[in-house]
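Following: one structure in C-alpha cells, then a few remarks.
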Amino acid sequence: VCVDYSREKLKWNGWGWLEQDFDLHGREEGLWEFLQAQLGIDDLPDTPAVPLEEMPLPENRLSESQIEDLRGLLSADRVHVDRYERLFHAFGKSYHDLIRLRRGEIDEVPDAVVYPQSADELVALTQFATTHHLALVPYGGGSSVVGGVEALAGRLAGVITVDLSRMNRVLSLDEESLTATAEAGIYGPQLEEHLQKHGYTLGHYPQSFQFSTLGGWIAARGAGQQSNRYGAATKFFAGATVVTPSGILHSLATPNSAAGPDLRHLIAGSEGVFGFITEATVRLRPLPTARDYRGFLFSEFKTGADVVREIIQEHVDVAMLRLSDAGETWFLSQFKSIGKPASWASKATSAALDLVGVGENPCLMLVGLEGTTTSTSASRVAIARIAMGAGGIPIGAKPGKGWYGTRFDMPYLRDALLDRGVGVDTLETATNWSNLHHLHQTVRKQIATSIRRHTHVGTGEPIVMAHISHSYPDGASLYFTFIFPVALEKPVAQWKAIKREVSDSILENGGTISHHHGVGTDHRDWMEGEKGELGVAMLKAVRDSVDPHGLMNPGKLLP
Ligand SMILES: Cc1cc2nc3c(=O)[nH]c(=O)nc-3n(C[C@H](O)[C@H](O)[C@H](O)COP(=O)(O)OP(=O)(O)OC[C@H]3O[C@@H](n4cnc5c(N)ncnc54)[C@H](O)[C@@H]3O)c2cc1C
C-alpha cells in the first residue's frame, strides 16, 4: 500500500492532490473565451479563494481537559485541534461546500479531528461522546457531494470528526467464495492494489475513486462507473461490522438470507447516522484480461436510450453504458477542440455524419466492455447488432480510450472555473424506462429555468447537459451537469434556490432524490417526499435504537 493520504498532501478547499491541477495544455485563454461567449459575460472575474491563514475559525467548544482525555483514549499524535485539520474536515467536496470554503463562509468546523485505528477505539469514542454530549462525524475520504461530512453539532455541545483513513488494512481474502474483508477507511487505490496483486478486483471505480473509501462507498450507497458489470454498493456489499453508541452490530456475509428484512440494507446508505462501519466484506470478480471501450452516435437521445435499455434487458455483459444527451455531446466536442483550429478531418467527419442521418445534434454512447477476449468479443457483436439496428453509427475505439484515460481528471477543472466566477454543479436521479425521457426533458428544462431565475449575471445561456450513467432492466439513472455564472454577491442563496426547485421537480416527476450520491444535508428535506412520513419514522426508530442520544452524524439523512 504505497499511496500516502496524509491530509497535508491534499487540497483542503478543492479537489485532489495539492500538487495537481487541471491541465489545459496552454489552452486556458480558449476556455475562458468559450465560456464568456456561452454565458454572455464580457470578462470573467478573478475570484480567488480565501487563504487558509485568513479563514475565520470558530472557537473550540472542547475544554483543554476534554482534549487531553481524547489524547489519552487514542494517542496524542492522533488527536488534532489545529487550523488545517479542523478546516480540512469541515465539509465534503460538493459545489455548495467549495463555495463556502473558498469564501470563508463557515459557521461550524469540528472541534477535534481524531484518527482511530481500531473498533475498540471507536467504542471508547462513542462512550466519550455520550458522556460529554458530543457529535461524532464519520469521515472516510470526505468526497461526499451532499453535505454528508459537514461538522454539525445540532443540539450537542461540539463535534468530533472521526477520520477513518488509518483503518486501511485488508483483513482477509476468500478466494473460494470470491470475497474480501477490509477495514472501512481503506482508499480505492489501496484496496485495488491489494486485490489486483492476487488477480481480483472489486471493480468499483466512482469518479472519486482516488479520494474515497470503502466505508464511504457503502455508507453513501454509491455506484462506480462500471456498475453494470461490478454492481453498485448494494450489490457488492456482503457484510459489515458496525460500532454504534448502543453496541456492535455484525451482519452475516451470506450470499442471501430469508431471516427477515436484511440488515445490510440498513447499513448501506446509513451515512454514518447509525454508527461506524469498521470493516466490510465485499464480492470480487477476477481481474479482467480484456478491456474494450468504444463509441456510437445516435441522432436522438431517445433512440440511444432505447438501445441502452435493449442491451441491458438482453443481459449483454457490459461494464459501462454511458449515453450523453445532445447538450453533453456538443459540450464534450467543443471542450476537446478549444484552442484548436477545426481540422479538415473533423469537418469531414461532421459532413459524413450529416450524410448518414445522424444530424446536427448527435448523442454519444460510450460502451465499456471488460472480461476475457471471448466475452468482450461476444458483447461487442451483440451491441453492434442492437446499436446499428437502431441507426447508431459506430465511431471506433478512440472516444472510448480518450474517456478511459482521463476518467478521473474532470473534477480538477471545477476549481479552475471557480477561480473565474464560473460555477459547475451536478445532480443525479433514477427512474423507470417508461418515465426516463419525460424526466430527462423536465429536469433539464427546470435546471436552465432555475439558473436563469436566480442568476443576474451574463446575457447568455447556462450550459446544461445530462447522461445516462447506470442502467438496469427496469430503468436507469440520469446525471446532470450544469455550468453557470456564480452570483458573486450571494452564491449560497443562488445555489440553494436552484437546488430546491430542481429537487422538487425531480420528485414531482417520478425520480428518486438520489441514485448514488446519497442524502446528507442537501437532500434531507426531500426524504419524506420520497419515503413518506411512515417510512422516515421507521428509519428514525432504527436510529433511536442504535443511537438514542442522536450523537452520530446529526443533521444528515433524516429530516
Ligand atoms: C468529483 C466527485 C466525483 C464523484 N463521483 C462519484 C461516482 O462516480 N459515484 C458515486 O457513487 N459517488 C461519487 N461521488 C460522491 C462520493 O465520492 C461518494 O459518495 C463516496 O462513496 C464517498 O466516499 P468517502 O469515503 O469519500 O466518504 P465520505 O465523504 O467521507 O462520507 C460519505 C458519508 O458516509 C459516511 N461515512 C464515511 N465512512 C463511513 C464509515 N466507515 N462508517 C459509517 N459512515 C461512514 C459519512 O459520515 C458521510 O455521511 C463523487 C464525488 C466527487 C467529489
Side-chain angles (χ1 to χ4, degrees), residues 5 10-11 14-16 89 91-98 116 119 122 135-152 161-165 167-168 182-188 190-191 204-227 232-234 237 240-244 249 267-280 320 322 407-415 424-428 469-470 477 479 481 514-524 546 552-558:
Y5 285 100
L10 301 170
K11 292 199 182 104
W15 182 246
H89 290 90
F91 293 119
K93 299 294 181 196
S94 68
Y95 170 75
H96 182 208
D97 294 333
L98 297 192
L122 285 166
L136 295 171
V137 178
Y139 188 105
S143 68
S144 169
V145 278
V146 291
V149 292
E150 200 166 326
L152 300 176
T161 290
V162 182
D163 187 320
L164 295 152
S165 59
M167 293 178 66
N168 62 3
E183 289 181 319
I186 193 165
Y187 272 88
Q190 296 171 326
L191 178 62
H204 182 72
Y205 285 89
Q207 195 186 34
S208 55
F209 170 74
Q210 295 160 296
F211 303 103
S212 57
T213 64
L214 175 61
W217 299 340
I218 295 165
R221 267 180 117 93
Q225 290 167 330
Q226 289 79 16
S227 71
T234 40
F237 169 50
T241 300
V242 184
V243 168
T244 81
L249 180 76
I267 297 170
S270 56
E271 301 193 9
V273 165
F274 299 158
F276 298 101
I277 300 167
T278 58
E279 56 181 70
M320 185 186 86
R322 183 189 161 113
R407 67 201 189 284
F408 301 132
D409 295 351
M410 256 347 213
Y412 284 97
L413 182 61
R414 184 173 51 163
D415 295 328
V424 51
D425 198 10
T426 61
L427 50 86
E428 38 79 54
S469 53
H470 309 268
S477 73
Y479 186 100
T481 304
S514 174
H515 169 266
H516 62 269
H517 283 164
V519 179
T521 51
D522 295 354
H523 296 148
R524 188 188 53 196
V546 291
M552 294 301 309
N553 216 6
K556 322 294 159 41
L557 185 69
L558 297 170

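Counting starts at 1 for both ligands and their atoms, following the listed order.
- Residue contact check: V145 has heavy atoms under 4.0 Å from atoms 15 (C), 51 (C), 52 (C), 53 (C) of ligand 1.
- An N or O contact shorter than 3.5 Å links G140 to ligand 1 by distance.
- Residue E271 has at least one heavy-atom neighbour below 4.0 Å for each of these atoms of ligand 1: 35 (C), 47 (O), 49 (O).
- In this structure, the separation between OG on S514 and CG on D522 is 10.5 Å, given to the nearest 0.5 Å.
- Distance CD/Q207 to OH/Y479: 5.5 Å, rounded to 0.5 Å.
- In terms of protein heavy-atom proximity, atom 38 (N) of ligand 1 is closest to G216 N, 3.6 Å.
- In the candidate list S94, G215, G222, A223, A223 is nearest to atom 9 (N) of ligand 1, counting heavy atoms.
- Between V146 and S94 the shortest side-chain heavy-atom distance does not fall below 4.5 Å.
- Here the heavy atom of the protein found nearest to atom 13 (C) of ligand 1 is S208 OG, 3.7 Å.
- Note on ligand 1: N553 sits in its first shell, one or more heavy atoms being nearer than 4.0 Å.
- Nearest to atom 41 (N) of ligand 1 among the protein's heavy atoms is I277 O, 3.0 Å.
- The distance criterion of under 3.5 Å between nitrogen or oxygen atoms is met by S143 with respect to ligand 1.
- Between Y5 and F211, the ring-plane angle classifies as perpendicular under the 30° and 60° cut-offs.
- Side-chain contact check for L122 versus T278: some heavy-atom pair is nearer than 4.5 Å.
- Here the protein heavy atom with the shortest distance to atom 8 (O) of ligand 1 is Q207 N, 2.9 Å.
- Residue-level proximity to ligand 1 for T213 is carried by backbone and side chain together, each with a heavy atom below 4.0 angstrom.
- Shown in contact with L164 at under 4.0 Å from a heavy atom are these atoms of ligand 1, numbered in order with element: 40 (C), 41 (N).
- Residue R414 places no N or O, backbone or side chain, under 3.5 Å from any N or O of ligand 1.
- At the top of the distance list for atom 48 (C) of ligand 1, counting protein heavy atoms only, stands G148 O, 3.4 Å.
- For ligand 1, the atoms sitting less than 4.0 Å from at least one non-hydrogen atom of P411 are 1 (C), numbered in the order shown with element in parentheses.
- Taking only nitrogen or oxygen atoms, main chain and side chain alike, F276 does not reach within less than 3.5 Å of ligand 1.
- Aromatic ring pairs are classed by plane angle as parallel below 30°, tilted from 30° to 60° and perpendicular above 60°; the pair F408 and F209 is parallel.
- For the atom pair CG (L10) and CD (Q210), the distance works out to 10.5 Å, reported to the nearest 0.5 Å.
- To the nearest 0.5 Å, the span separating CG on L214 from CD1 on I186 amounts to 7.5 Å.
- A side-chain donor from one of S477 and S469 sits under 3.5 Å from a side-chain acceptor of the other.
- Counting only heavy atoms of the protein, atom 29 (O) of ligand 1 lies nearest to S144 N, 2.8 Å.
- Side chains of R414 and K93 form a contact here, defined as non-hydrogen atoms less than 4.5 Å apart.
- For atom 34 (O) of ligand 1, the closest non-hydrogen atom of the protein is A219 CB, 3.3 Å.
- Interface atoms of ligand 1 facing A184, defined by a heavy-atom separation under 4.0 Å, are 41 (N).
- Set against the non-hydrogen atoms of Y139, the atoms of ligand 1 under 4.0 Å away are 30 (O).
- Using a non-hydrogen distance threshold of 4.0 Å, G275 registers as a contact of ligand 1.
- When hydrogens are left out, the protein atom nearest atom 28 (P) of ligand 1 is G142 N, 3.5 Å; that is the closest non-hydrogen contact.
- Taking CH2 from W15 and OG from S208, the interatomic distance works out to 5.0 Å, rounded to the nearest 0.5 Å.
- E271 places a side-chain N or O within 3.5 Å of a backbone atom of G520 that can act as its donor or acceptor partner.
- For the atom pair E150 CD and D97 CG, the distance stands at 6.0 Å (nearest 0.5 Å).
- If you look at W217 and F237, their ring centroids are not closer than 6.0 Å.
- Residue contacts with ligand 1 include W15, since one of its heavy atoms falls under 4.0 Å from the ligand.
- Listed by number with element, the atoms of ligand 1 under 4.0 Å from a non-hydrogen atom of A220 are 19 (O).
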